[in-house]
Amino acid sequence: MSKTLVVAFAFGVPREIWSNRAIATIARSEAWKNDATVYTQLDVPIHGDFYVVRTEEDPGDPPPTLRIARGAVEWAKRHDVQKLVIVAAKPHIPRAKRDTEYAVREAGVDIEVTVSALLDDPEYSDEDQWYCSDSTQPRTQTRKNWQKRDKILMLMPMFVYKRVAG
């Protein structure tokens, strides 16, 4: 069995909102299934009988997706991890996966990147449910707010994106 790291990306602030609790639930399941460590942010309310590594951040000021991905890859590299399992809100998956794969290439390591299949469970599959009006981050409150920002970030050339989000 390959050594696995679950990388759980928050979706909004604070930790009590539905999206972050759902991400924590899925990350916990993946950690138990894979006997894995979880690498995550302060706003993902996860705890359990496994090891959790938190990103370095100030409360209420979450790091950009690329910085989280780079941190996870560096941790994985130091601990001989062969597989990263991404857990993120449905709308965040494309960028979380792209940034994590980029961080793997940038680090020059051979680590497989996958997305948790648990996100396909009917309980989590509706993309609209991930947006939360209780989030203090306007970009995660509505699909329109998210897409406005995310489309720009996804279309940016990587050399520009790295400066903005790295």
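Quick caveat, the model's predicted, so the values are computed rather than measured.
Considering all non-hydrogen atoms of both residues, A31 and V6 come closest at N-CG2, 3.9 Å. Heavy atoms only, all atoms of each residue included: A27 and I46 are closest at CB-CD1, 3.7 Å. When all heavy atoms are compared, the tightest approach of A165 to P64 is O-CB, 3.1 Å. Listed here is the closest heavy atom pair of T65 and A96: CG2-CA, 3.8 Å. The two residues V7 and A72 have their closest heavy-atom pair at CG2-CB, 3.7 Å. Looking at every heavy atom in both residues, R28 comes nearest to P45 through NH1-O, 3.8 Å.
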### Query
Could you go step by step and tell me if T4 and V85 meet the side chain to side chain contact (heavy atoms under 4.5 Å, CB included) rule?
CA-CA 7 Å; T4 301; V85 178; 3.7 Å; yes
### Task
Please report the C-alpha distance between Q129 and K90 in whole Å, then the side-chain angles of each, then the deciding distance to 0.1 Å, and finally whether the side chain to side chain contact (heavy atoms under 4.5 Å, CB included) criterion is met.
CA-CA 9 Å; Q129 73 187 4; K90 284 288 211 180; over 6 Å; no
### Message
Show, in sequence, the C-alpha distance, side-chain angles and deciding distance for E101 and R105, and conclude whether the side chain to side chain contact (heavy atoms under 4.5 Å, CB included) test is met.
### Response
CA-CA 6 Å; E101 289 172 340; R105 286 190 308 276; 3.8 Å; yes
### Task
Start with the C-alpha distance between Q82 and I111, add both sets of side-chain angles, then the distance that settles side chain to side chain contact (heavy atoms under 4.5 Å, CB included), and finish with yes or no.
CA-CA 5 Å; Q82 293 95 33; I111 298 175; 5.9 Å; no
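With a 4.5 Å cut-off on side-chain heavy atoms, R143 and D128 count as touching. A heavy-atom distance below 4.5 Å is not found between the side chains of T114 and L84. Taking the side chain as every heavy atom from C-beta outward, T40 and V53 never approach each other to under 4.5 Å. Residues L155 and I152 have side chains not in contact (no heavy-atom distance under 4.5 Å, counting atoms from C-beta outward). I86 is listed as a side-chain neighbour of F9, based on a closest heavy-atom distance under 4.5 Å. At least one side-chain heavy atom of P62 sits less than 4.5 Å from a side-chain heavy atom of Q137. Side-chain contact between V52 and R54 is present, with at least one heavy-atom pair separated by less than 4.5 Å. Taking the side chain as every heavy atom from C-beta outward, D120 and S125 never approach each other to under 4.5 Å.
Rounding to the nearest 0.5 angstrom, the gap separating the CD1 atom in I23 from the CD atom in Q41 is 8.5 Å. Atom CG of N34 is separated from atom NZ of K3 by 13.5 Å, given to the nearest 0.5 angstrom. Taking CG of D43 as the start and CD1 of I17 as the end, the distance is 7.5 Å to the nearest 0.5 Å. Note that the OG1 atom of T140 and the CZ atom of R149 stand 9.5 Å from one another [nearest 0.5 Å]. Separating the CG atom in N145 from the OG atom in S133 is a distance of 11.5 Å, to the nearest 0.5 Å. Put simply, CG on L5 and NZ on K83 are 12.0 Å apart, with the number rounded to the nearest 0.5 Å.
No side-chain donor-acceptor contact under 3.5 Å links S135 to the backbone of Y131. N20 places a side-chain N or O within 3.5 Å of a backbone atom of G12 that can act as its donor or acceptor partner.
Around atom CZ of R78, more than 12 heavy atoms belonging to other residues, nucleotides or ligands sit under 6.0 Å away. More than 12 heavy atoms of other residues, nucleotides or ligands shown are found within 6.0 angstrom of CG on D126. By the neighbour-count criterion of 12 heavy atoms within 6.0 Å, atom NZ of K97 is sparsely surrounded, having that number or fewer from other residues, nucleotides or ligands.
Note: the hydrophobic cluster containing W130 does not contain L153 (ILVMFWY, side chain heavy atoms under 4.5 Å, direct or indirect links). Hydrophobic clustering (side-chain heavy atoms under 4.5 Å, transitive across Ile, Leu, Val, Met, Phe, Trp, Tyr) keeps W75 apart from L66. Hydrophobic clustering, with ILVMFWY side chains joined whenever heavy atoms are under 4.5 angstrom apart, keeps V13 apart from L42. Both Y124 and V44 belong to a single network of hydrophobic side chains, linked directly or stepwise wherever heavy atoms of I, L, V, M, F, W or Y lie under 4.5 Å apart. Under the 4.5 Å side-chain heavy-atom criterion for grouping Ile, Leu, Val, Met, Phe, Trp and Tyr, Y102 is connected to V164 within one hydrophobic cluster.
Between F11 and W18, the distance from one ring center to the other does not fall under 6.0 angstrom. In this structure, H92 has its ring center closer than 6.0 angstrom to the ring center of W146.
Geometric assessment of R95 against the ring of Y161 yields a negative cation-pi assignment under the 6.0 Å and 45° thresholds.
A salt bridge between E16 and R21 is absent, with no side-chain N of the basic residue lying under 4.0 Å from a carboxylate O of the acidic one.
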